[in-house]
Structure formats: C-alpha cells, structure tokens
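Okay, so here's the structure we're looking at.
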Amino acid sequence: MAIYRNKISEINLSEFGKEVLEGFSQSPKSISSKFFYNDKGSQIFREIMDMPEYYLTNCEFEILQNKGNTIFEACQFDQTYRVVELGAGDGLKTTELLRHFLTQDLSFNFSPIDISSGAIQTLEAKLKKSLPKLKFDSLIGDYYKELHKLSQTGTPTLLLFLGSNIGNYKDSEVIDLLKLFASNLKKGDKLLTGFDLKKNPQTIKLAYDDPKGITRAFNMNLLDRMQEELGAEIDQSKFDFYSHYDPISGEVKSYLVSIEKQDIFFRNLQQHISFEKNELIYTELSKKYDLEQIEKLAAQTGFEVVEHFFDSKGYFVDSLWKR
Ligand code: AVI
C-alpha cells in the first residue's frame with residue numbers, strides 16, 4: 001500500500017482520475033455526473049434528448065417556442081439588454097427564445113457560456129445559420145468566473161439556466177448556486193430556470209430507464225472512460241445499470257452496479273479498487289420539483305418569482321425570477 005502511495009504522488013492525475021479515486025473511497029461509491037459529457041457521452045445525451053420517453057426536451061422546447069414573446073414582456077426591459085446562458089448545450093431550445101426576442105424593437109446581445117470550446121463552436125455555427133441577425137459573444141471557461149466578469153457591467157441581464165440542469169445538483173448545492181447567480185445579478189435583472197416537475201412516477205421512471213437502453217449506455221460510458229483514460233481493466237459484462245425514482249423526494253438516482261465481487265486494477269492510478277457483489281456506484285441525481293419548492297428556493301436565495309411558464313401537459317416549468 002505504501003508503495004502505491006509513493007507512486008501515486010508521482011503520477012500527474014487528471015481531474016477525472018482524482019475524482020474517481022476520491023469518489024470510490026466513499027460509501028456508497030460515486031462519480032460526478034459531470035463526467036458523462038466527453039464527446040461520446042455528449043453524443044449519447046443528444047440521443048437521449050431525441051427519445052420519446054425523455055419528455056423534458058420537447059416540453060421546454062414547446063414553452064420557449066410558444067411563450068417566447070410573453071417571456072420577453074415579463075422581463076420588462078426598457079433599454080439594450082443582454083441574454084446570458086449557462087451550459088448552452090446544442091442551443092436548439094434557446095434559439096426558439098432568441099428568435100422571439102429578435103422580433104422585438106429592443107436590441108440585445110447573447111452570451112452563451114460553456115466550458116467546452118467544441119460546444120461553443122458548434123453553437124456559433126448554428127446561430128450564424130439560423131439567426132443571422134443575432135449579435136453574440138461566446139465565452140469559453142468556467143462559468144462562475146465568466147459570470148463574475150459579466151456582472152461588472154451595468155447592462156440589464158436575463159440569465160438562462162435551462163434544461164433542468166438544476167436537477168443535477170443536490171439541495172445544498174442548489175442553494176449555493178442560486179445565491180451565486182443572485183450575487184452576480186443587479187437589482188431588476190432576471191433569471192429563467194428550467195425545472196422538471198413531479199408527475200406520474202411511471203413517466204419519470206421511463207425517461208431515466210428507457211427500453212432501448214440509451215440511458216444505460218450513457219452511464220456505461222463512464223466505464224469506457226475509466227478504461228480509456230485511467231487504464232482500468234474492466235469487464236463491462238460485470239456491471240449493470242439501475243435507476244430509481246422516489247416520488248416523495250422527487251429524486252431520480254442512477255447507479256452502476258457491480259454484479260459480482262471483483263477487484264479492478266486501474267493502471268494509470270497504480271491502484272486496485274474492489275467492488276462487493278451488488279455494490280453500487282452512484283452516478284447521477286435528477287431531481288423533480290413542485291411549485292411550492294420552487295417558490296421557496298427563490299425566496300431563500302434573494303429572488304422574487306415573476307411568472308411560471310408551463311408546457312401544455314404541465315410537465316415542465318421555465319420559472320422567471322427577478323433579483
Ligand atoms: C442534463 N440533465 C438535465 C439530464 C437530466 O435529465 O438529469 C441528464 C440525463 N441523465 C439521464 N438522462 C438525462
């Protein structure tokens with residue numbers, strides 16, 4: 001063991017390597033869901049968004065497509081403003097909102113912020129094509145830092161945090177994140193957040209455990225990453241995927257399951273990691289909310305609710321708050 005420790009201190013570990021070591025030393029073992037999104041994982045996530053069972057994308061698309069003008073009016077901007085988006089993804093839904101904003105008389109600038117330069121380049125190419133009149137300046141980097149830079153100017157701002165991304169944060173992190181947004185917004189600025197709502201548990205269960213196994217592949221990709229990036233000697237047939245929705249807490253929790261007792265060597269970490277039979281690796285939280293919880297969150301973090309925008313099924317809400 002001491003030998004391994006010496007070796008590890010000499011190894012220049014990637015962020016992924018460090019977090020796998022840290023997460024696998026806990027009980028239950030865990031890996032942050034942020035590691036889903038390498039190139040392959042991002043591609044699988046696009047397939048998830050296209051699945052009929054993953055209702056979230058269509059619901060939010062419908063809201064932004066049908067209610068873009070009402071959202072603009074509710075923002076009550078009276079001078080040139082700015083729309084900032086955190087984690088823009090492929091930008092398809094946002095394009096719908098921006099399309100409505102462009103039909104209004106007020107001019108604005110769009111600033112998508114993303115850590116991945118690839119995602120930003122793809123988004124820029126799409127925006128140039130679909131909204132040639134849009135003025136935008138993309139920001140690549142840690143979105144907390146970029147947000148802070150943007151907060152130094154006096155331009156009225158609408159901050160977008162769409163797609164139920166908030167559902168991937170645990171309760172304490174949600175509060176910290178929203179407080180951070182509040183501290184980087186000026187009085188009168190707005191925040192539009194996408195929350196997936198509690199609904200028939202069967203509907204939610206299917207969205208996170210689809211019959212074609214796309215969500216399963218999304219999770220198993222973490223094993224691919226460990227094999228490729230950490231030299232892990234994994235036999236994937238010895239792992240399963242399990243996801244569970246608790247309608248009371250509103251939490252979907254996803255896991256990889258070691259279906260037998262096994263000892264896996266991670267070459268690049270110079271470390272063996274053991275797994276018990278049926279031991280879980282917690283991979284993701286996708287939390288579902290009700291309106292009462294959403295309104296409480298706004299009040300706790302320095303915001304005032306302006307209006308909730310729902311899809312026609314009432315499955316999803318884009319909630320507009322004012323600082
Ligand atoms: C990115 N995020 C909002 C998705 C969600 O619904 O939690 C990620 C996802 N995980 C499984 N399916 C989709």
Side-chain angles (χ1 to χ4, degrees), residues 30-64 85-94 112-116 119 123 143 160-171 173-174 177-178 192-225 240-247 249-257 280-289 293-294 297 311 313 315-319:
S30 65
I31 307 180
S32 162
S33 61
K34 71 180 174 200
F35 294 112
F36 280 147
Y37 303 95
N38 63 349
D39 286 349
K40 185 176 168 202
S42 303
Q43 173 53 38
I44 305 177
F45 183 53
R46 283 193 281 277
E47 288 169 36
I48 289 180
M49 290 194 290
D50 283 344
M51 302 183 326
E53 296 83 7
Y54 193 74
Y55 57 84
L56 291 80
T57 315
N58 283 343
C59 290
E60 193 172 44
F61 188 84
E62 184 202 308
I63 298 171
L64 300 178
E85 179 163 24
L86 298 176
D90 69 359
L92 191 66
K93 288 168 295 189
T94 318
I113 304 180
D114 208 295
I115 193 93
S116 145
L123 177 62
Y143 54 57
L160 305 177
F161 194 49
L162 303 175
S164 184
N165 284 328
I166 199 153
N168 298 134
Y169 292 83
K170 51 182 195 237
D171 291 349
E173 294 170 340
V174 167
L177 189 66
L178 292 171
L192 186 70
T193 309
F195 291 92
D196 192 19
L197 295 170
K198 288 181 177 171
K199 58 186 68 61
N200 183 340
Q202 283 298 354
T203 308
I204 295 177
K205 190 169 164 244
L206 261 182
Y208 289 89
D209 193 1
D210 61 283
K212 285 199 184 140
I214 300 174
T215 313
R216 176 191 170 88
F218 189 50
N219 279 261
M220 296 299 263
N221 179 46
L222 289 171
L223 299 178
D224 286 350
R225 284 197 72 171
D240 201 353
F241 162 70
Y242 176 71
S243 118
H244 173 258
Y245 176 56
D246 173 358
S249 68
E251 291 179 337
V252 176
K253 288 186 173 176
S254 301
Y255 303 91
L256 289 165
V257 188
L280 302 171
I281 306 172
Y282 177 36
T283 56
E284 186 178 46
L285 166 69
S286 301
K287 183 164 166 126
K288 311 302 161 196
Y289 285 86
Q293 289 172 310
I294 294 172
L297 272 182
D311 64 293
K313 292 202 206 88
Y315 278 9
F316 198 93
V317 64
D318 277 325
S319 186

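Order of listing sets the numbers, starting from 1, for every ligand and every atom in it.
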Checking Arg216 against Asp209 for the salt bridge (charged side-chain N to carboxylate O under 4.0 Å, His left out) test, could you report, in this order, the C-alpha distance in whole Å, the side-chain angles of both residues, the deciding distance, and whether it holds?
CA-CA 7 Å; Arg216 176 191 170 88; Asp209 193 1; over 6 Å; no

Sub-4.5 Å side-chain heavy-atom contact between Phe36 and Asn221:
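When only atoms from C-beta onward are counted, Asn221 and Phe36 do not touch, as no gap falls below 4.5 Å.
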
Please tabulate, one line per pair, the protein N or O atoms found under 3.5 Å from any N or O atom of ligand 1, giving the distance to one decimal.
{"unit_1": "ligand 1", "atom_1": "2 (N)", "unit_2": "Asn168", "atom_2": "OD1", "d": "2.9"}
{"unit_1": "ligand 1", "atom_1": "6 (O)", "unit_2": "Tyr54", "atom_2": "OH", "d": "2.5"}
{"unit_1": "ligand 1", "atom_1": "6 (O)", "unit_2": "Tyr208", "atom_2": "OH", "d": "2.5"}
{"unit_1": "ligand 1", "atom_1": "7 (O)", "unit_2": "Asn168", "atom_2": "ND2", "d": "2.9"}
{"unit_1": "ligand 1", "atom_1": "7 (O)", "unit_2": "Ser286", "atom_2": "OG", "d": "2.7"}
{"unit_1": "ligand 1", "atom_1": "10 (N)", "unit_2": "Glu284", "atom_2": "OE1", "d": "2.7"}
{"unit_1": "ligand 1", "atom_1": "10 (N)", "unit_2": "Glu284", "atom_2": "OE2", "d": "3.3"}

Under the criterion salt bridge (Lys or Arg N to Asp or Glu O under 4.0 Å), which of Asp246, Asp171, Asp196 is the partner of Lys287?
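That would be Asp171; it is the only one of Asp246, Asp171, Asp196 passing the salt bridge (Lys or Arg N to Asp or Glu O under 4.0 Å) with Lys287.
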
Does Lys199 reach the main-chain N or O of Leu197 with its side chain, forming a donor-acceptor pair under 3.5 Å?
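Looks like yes, one N/O pair under 3.5 Å.
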
Measure centre to centre between the rings of Phe218 and Tyr37, then say whether the value is under 6.0 Å.
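For Phe218 and Tyr37, the ring centres are under 6.0 Å apart.
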
What's the spacing between Phe45 CZ and Thr215 OG1 if we round to 0.5 Å?
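Rounded to the nearest 0.5 Å, the CZ-OG1 separation comes out at 10.0 Å.
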
